[in-house]
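First up is the structure itself, then whatever we jot down about it.
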Amino acid sequence: MSYLARRLLTFPLVMLGVSILVFVAIRMVPGDAITAMLGTEAGLLTSAQRAALAAYFGIDQPILVQYWKWLLGVFQGDLGISVTHGKPVLSIILERFPLTLQLALMSMCVALAVGLPAGIFAATRNEKLSDLGVRIFAMIGQSTPNFVVGLLLIYALSAGFGVLPTMGEFTPFLTDPLRNLGQMILPAVTLGFAFAASVTRISRSAMLDVLSDDYVRTARSKGVPKMSVIWRHALPNALIPVVTLSGVEFGYLLGGAVLVEQIYALPGLGRLVLEAILQRDYALVQGCVLFIAFNFLVVNLLVDLLYVTLDPRIRLGEGG
Amino acid sequence: MSMLRAIFSHPSGRIGGTIVVIYVVVAMLGMFGITPHNPLQQYRIDRLHAPSMVYWMGTDLFGRDVASRLMKGVGQSFLVGVSAVALASIAGTVLGLTAAWFGKAWDGIVMRVMDVLLAFPAILLALLIIAVAGPGTWTSVAAIAIVYMPIFTRVVRGPALSIKSREFVDAARTFGSSRRYILTHHLLLNLVAPLTVQVTLALAWSLLTEAGLSFLGLGTQPPSSSLGLMLADSRNLMETAPWLLIFPAITIMISILGFNLLGDALRDILDPKTRSRTA
Amino acid sequence: MGRHFSTKFLSGLALAVTLGAAGIAVPASAASLKMAWKQDATGLDPHKQTAFSSIRLLELIYEPLVRFDKNLTIVPALATSWEFAPDAKQLTFKLNPAAKFQDGKPVTAADVKASFERILDEKTAAAARANYLSIASIETPDDKTVVFKLSQPDVPLLAAMASINASIVPAAEIAAGTIGTKALGSGPFKLDNWVPNSKETLSANKDWAGGKVGIDGIDISVLPDETAILAALRTKQVDFALINDPLVATLVPKETSLVLNRTPVLAYHVLQMNPSRKPMDNLAVRQAISCAIDRQDVLDTASVGEGRVTGPLTMPGYTSDTSTLFCYKKDIAKAKKLMADAGFANGFSATVIAANGEPATAAAEAQVIQSQLAEIGVKLNIKMMELNVYVDAWLKGDFDMAVALNGGRADPYPMYNRYWTKTGNLQKVANYSDDTLDSLMQKGRVETDPAKRKIIFADFEKHIVEMAPWVWLYTSYNYTAQQKTVSGFEPTPEGSLFGLTKVKLN
Amino acid sequence: MTSLLSVSNLRVGFGRDPARNEIVKGVSFDLAAGETLAIVGESGSGKSVTALSINRLVDFGGGRIIGGSIKLTRADESILDITLAKEPMLEKIRGSEIGMIFQEPMTSLNPVLSIGTQIEESFRLHRGLTGRQAIAAAKDALDRVRIPDAARRLKYAPNQLSGGMLQRVMIATALACNPRLLIADEPTTALDVTVQAQIMALLGELKRETGMAMIFITHDIGLVAGIADKVMVMQAGQAVEQGALGEVLDRPQHPYTQHLLSAVPHFESGRAARTDFTRKEKETPALDVEGLVVRFKVKGGFFSRAQGSVHAVENVSFKLMPGETLAIVGESGSGKSTTARAILGLVRPTRGSFATHMGSIADATDPSVQMVFQNPYASLNPRLRVDSILAEPVIAGGGRVTAETREKMKALLKRVGLPEDSLDRYPHQFSGGQRQRLCIARALMLNPSVVVLDEAVSALDVSVQAKVLELLVDLQKEFGLAYLFVSHDMAVVERIAHRIAVLYAGQIVEIGDAASILSNPQHSYTKRLISAVPSIDRRNQRFEIDTRQVPSLVRPPGYEPPEAQWREFGPDHRARAEA
């Protein structure tokens, strides 16, 4: 309880830190919304024109005033207006978010569906040949940058099977589930690859740890069959580090996967932030980063809550 | 010496160690310019030449020798990786150690700042830092270091807290040992093992990040070569000159694999928990 | 660099993608053209947007008074006819009586007056305002006639009006302040929906005064990577696409179902030197650099030969035989001698800036030039920059040398007056001017006889190449790729997509 | 009586090459139905491995049976050689015919499953019970191990129960299906001595009720006396002696057994207390503790408000004379370690004062008081060489490490019985006993007058304990040291203490002359404590089962305990008056 309470208390503090950091950083980047919009043509502007544009973009006031105004807005649920989109930042983010969420969920499903059984299997085959195979595969998975995975995946699929990802206009899941899945499955596998590798490794080592724990020995001394020892006694305990890892990874995935979105031409959050940075759309960058950090922290809190349901030791306080 | 023997008698340590040794040798050769060709020399007559006896891994769009550029690139990645990890580990260790030792407000401030950094997706944070400072080798060093620093801070703070409550630290306090002595001799010395493991893994990670940043055009600048940049340059030439993709891709994979394997082996060797499992 | 700027910084991320069919292909609405481009528009205000990508979108929605055809001849748009007074100090337009805005209201002289007054208002912050400064007043004798009174003779003004930055917008919308938030023009397509950096939906304007549009509409998707666009073309997800990177473009014809349209463009690749900095202030040094560069080699390496070596004048009717220009053939001996004369026999170091991915060939050009200049002892450091940062430095003239892709115009005067006259807005970027250039530009501005103008500008070209403040390299092509089922597209040297009005889907 | 279990020439090895790494080297014994065999040995003797081999759990710890046989007579009179049985067969045997309980009750129950679920599992597996039947059976099982309020406790998670309770749950689980053999592997080692007595009593009763046979593994030969019919003594993988309880205890044949019985401290109710010191009240005490109070604030709730305090140490006062040993005894949570740590400045006292002959101790550490910690593995920095370890107190005191210092190190090392070349070695190159000698040497580097020994021998093997105790006594005499000896182990305390202070719930309940207190305890808690101490003399003694728990030490803010009333029971023996 007090642990969760402390997490809740630091939440706004961390959010405040994130907001200050992003606010200052994005303004330290050379160039502004004017050059971003006009490029070299900005050189044709008279100073009166420049001032008019600065006022339009809201970058004419001192930075503290800008920050204060923005912060007041944030407290009222208003993340500002994006100058490139001409729309409230929040509505732009919410347009992009379903894709990112879906991608993150799908990658996590891929990772857990592959990684967890593989890790458990390897743990029960400790030091045998099949264990070694799984470990090597997981190691390679963890060692390959996801853009390389995406690259090689597309190359291998097209060269070997003549299959290509659907790279047209993105279709939301509700509009056309089949087409949507056709577009999303390869990106999800690409992101899920390294994720699955991590899950495999951590579930294997957690399982190994747990299998040598006293209570597993106790279960065996009661005559509990092997499968039941693994699934009923060991797994719930081994899940805790897997949940941590998956939570952190999932939290990061909710921030968008810039490289993979780029490779598969998906309009996700990652690309949104990148574009916003490039176009010096300050409000959008700030809004996105704040939103991403918020999600990350919320996911971490949810992970903590999940612990609590998984592990009564945390629920009741250690030594209760 | 006994450490080396331990690494090379550990199965993944043997493979990882070998890869890392080869990697370091190649990096050194690349760094000091001992390559089959000058990596910057443009043999424009031999543009996009397939791998041959002269050009082991072919040539690129400018007729530069891919093998030489690869070696130079490995050297570059290594330089960035090592510098970034050195920075991150030193800063992270100091912060983690002092946070654990002094606790209270200082701990709160340090850990909240780290929380802020961690709440930023790594690649976005690096991107912002680079956008501010302009792309380049040393900017990517700084960006990778700042992104990785919170991890070191956490890796140090956790064990430091537990060592702080170990009996030998209590003992030191009963003698009235100075804070500096306790921090350096008792805490830091006992953090060497987890730090070694983390440094190895961080190296793998920073190679990965360096490749990603260069791939985005934010890391090493042309005409210098780095693995990520070579991959980025290969993107539109993959169909006509696949060697431009394949060699750097494999190099990245294998080198990161090497450091990861070594890190795993070190963890097995240095972590008493896994060691005692066989006892 | 002009209009060709865009956020290609993203292009670091890409992959080539080979053949094969799409996972699941679904036919879209029957007669809409599915189109893809890499760069999306950055805004909807036709008077403010200068980005190439914005103009490509806006020229489908808005119309200026006149426009260029594929031969860069000025043809009617909203105006059916126009004439200069003999002293070139008055320009009169007759508007098309059938012209209507997309809300059904007719386009009147009052709308034209209001539009230009808006452009000229400093508060609007229209970058193109500089081109229309000679307009002293606007008179509207009747609903369909507009008279521009000029403060001085200005022949290039007409060409300057053939720009989407001089679009006619409804006076009512100006009053309401909704320009830029609502796209209401008189052009062939209506913008139904826009999700920036993701997609646009356009439908054909049934009431368009210019004639009947061959398709029902256009669905544009933004695919941030040109190899992804190629993949989408190959899998028939897309009927029509814009391509910037010559390396990608050359892959299109390999696919039997695809057609590549290639049009020479006015924009030019150039190595800009900064003559306000040492040692580039020394004419001999600049000339030596010009002589040391093998322009064809740059073109062949950086752009796989896709393009043509050019002098400063890139527009049809003004181009000259490059072999007559100073040092257009690489001459290392001469270059070395010039260097020695200037006192730099041992060379010097300088930094060249280039924008990341803008153009796609920038980094490659810089590297080839670096290697070529090394032959005369010039040690070039390449500094790649994110586009915005580059623009910032470029505008301040804060560079030794810069690799750039600068936009061209159909007329030499608006194309170069900003750089090479003493009062040009971008003189601080060019940092070079002399009396010869200044007087030649002034002569060209007032001269109405095309033949005489051609001679004036040929002299200009010869002189500026010899003074070598910049080293003009080559012009490349504008590429569009389409399925064989798409017919009727007519590209222009400006890269305009206006030709889509004539396109049919089979 | 027919033989239930017959083990012959059992050999068990570990690792990749089990034959090379033999832990059990040919052990044989027989066990009849209803009989109890105690296997006694120190760590590494192979006693646990032997036990784990009987139900083949040893396979999961990396062990392999490489020879011999284990013949179990099953309920249907068939005989099964367990060494040859396949896993599915073993799963049937485990739990239903052979039950087992382990040393660490805290970790031996699955933390994420309720205890009810864990008990029910046995019934489901071996009796085929489901649903309500299984729950009812589990409740009965808890009742059987005398856990009050069983129905409610079924829903508890393991971490909600104390160690003693958990061990009862373990026993309930192991006995759920009435196995004919129970293997108990050091079941009380991790528990406090009064709780140990309870568990032993419970095991004794259950044995009588069910008529099961038991194999009881322990390092404490004193504990054996209370429960075993037969004893087997193991050393280095071999059974060096076995026989009937009386035979082995009274007429040990093997030197190792004799050593265990004679050299190892056994509780003798004060008869073995030291008599080599006479207390002179006039003397200046080496350490004078007056009114020591240590409280820890308990924070809770959303805004971390103080909700009260743990009164860990409550008004503790004593005087320690030069050359004297005062033992502070108590069970876990009694505040004995906190007292020691407060004296060394490791815990900030809430109130109270200390004085040594150098004057009162304020915040600064006083070199005349030094401490030896419980765990010799944790109290030496593994990354420092012995010379650095010994130099640390000198450096801390602002001194320099000179040739003279090194000479002193060598002399001290020699004095505590360590080899001369120890200075260049690292702690991991020493055994536990040697490390504790190192800690003692380190404590003596600054010539202290008081040494606080916090459970200083508890982590050591019994035979090593005796030697370290001897060393401590010798050093005390040689240097005139005063010892504050904190311990839970009455047998050890009897060997070293001149005086004893009994701590219960943070307060001294009885203090005085060691022999007097041990032979004639006055306070009810002291009585309970002493009667719980196992002894070879108390054969097959019965304990009363008592489920009282230590009272909570958490008090509301501002709470002050009432003034203590003391009653005198002799010249140097007084106890707190009870309500």
Side-chain angles (χ1 to χ4, degrees), chain A residues 1-11 123-128 206-243 306-320, chain D residues 16 52 55-62 87-114 117-119 121-126 156-162 169-170 173-174 176-177 179 182-183 185 299-304:
Chain A
M1 150 68 197
S2 76
Y3 173 69
L4 275 182
R6 229 174 318 131
R7 288 294 292 262
L8 270 175
L9 278 176
T10 58
F11 196 116
T124 56
R125 299 282 158 123
N126 193 11
E127 303 296 332
K128 296 211 177 87
M207 203 67 192
L208 275 181
D209 274 349
V210 168
L211 283 177
S212 66
D213 273 348
D214 287 352
Y215 52 82
V216 169
R217 189 177 57 181
T218 305
R220 287 186 176 129
S221 79
K222 288 194 285 188
V224 177
K226 190 177 168 193
M227 279 299 127
S228 183
V229 167
I230 289 169
W231 292 99
R232 191 175 151 80
H233 286 267
L235 188 61
N237 288 286
L239 271 183
I240 290 165
V242 179
V243 166
L306 199 57
Y307 279 168
V308 168
T309 53
L310 271 179
D311 191 344
R313 280 170 295 188
I314 302 169
R315 177 165 56 221
L316 302 158
E318 195 61 58
Chain D
R16 282 176 201 280
L52 288 169
N55 56 6
R56 285 277 295 279
L57 282 182
V58 74
D59 294 17
F60 298 100
E87 190 58 22
M89 169 58 89
L90 292 170
E91 280 167 7
K92 255 183 241 160
I93 302 268
R94 291 187 199 124
S96 68
E97 304 210 23
I98 304 175
M100 185 156 186
I101 55 178
F102 302 93
Q103 178 171 354
E104 288 285 349
M106 296 292 204
T107 58
S108 294
L109 284 161
N110 194 329
V112 305
L113 300 177
S114 74
T117 314
Q118 298 188 55
I119 300 174
E121 194 173 23
S122 292
F123 293 108
R124 290 174 199 274
L125 284 170
H126 300 295
Y156 277 29
N159 67 311
Q160 289 172 284
L161 295 176
S162 67
V169 173
M170 276 297 293
T173 315
C177 298
L182 177 69
I183 304 170
D185 185 1
K299 286 178 180 172
F302 203 80
F303 294 102
S304 302

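In the text below, chain A, chain B and the rest are named by the order of the sequence lines, each starting its count at 1.
In this structure a side-chain-to-backbone donor-acceptor pair under 3.5 Å is missing from D:His126 to D:Ile93. Checked by atom type and distance alone, the side chain of D:Ser108 never pairs as donor or acceptor with a backbone atom of D:Pro105 at under 3.5 Å.
Taking chain A as the reference chain and counting heavy-atom pairs below 4.5 Å, the highest number among D:Met100, D:Glu121, D:Met170, D:Gln118 is found for D:Glu121. Across A:Pro236, A:Pro225, A:Ala219, the residue that shares the most heavy-atom pairs under 4.5 angstrom with chain D is A:Pro225. Looking only at heavy-atom pairs under 4.5 Å with chain D, the residue among A:Gly223, A:Ala234, A:Ser228 that has the most is A:Gly223.
Using modelled atom types, one finds no donor on one side chain facing an acceptor on the other under 3.5 Å when comparing A:Thr218 with A:Ser221. For the residue pair D:Asn110 and A:Asn237, a side-chain donor N or O sits within less than 3.5 Å of a side-chain acceptor on the partner.
Using a 4.5 Å cut-off between heavy atoms, A:Val224 touches chain D through backbone and side chain atoms alike. When heavy atoms are compared at a cutoff of 4.5 Å, D:Ile101 does not approach chain A at all. Looking at D:Met106, neither its backbone nor its side chain comes within 4.5 Å of chain A, counting heavy atoms on both sides. Using a 4.5 Å cut-off between heavy atoms, D:Leu109 contacts chain A through its backbone alone, with no side-chain atom that close.
Evaluation of the side-chain hydrogen bond (donor to acceptor under 3.5 Å, both in side chains) test over residues 88-105 of chain D, restricted to residues two or more places apart or in two chains, returns D:Arg74-D:Glu97, D:Glu87-D:Arg94.
Scored by the ring pair (Phe, Tyr, Trp, His ring centres under 6.0 Å) test, A:Phe11 finds A:Phe294 as partners (sequence neighbours excluded).
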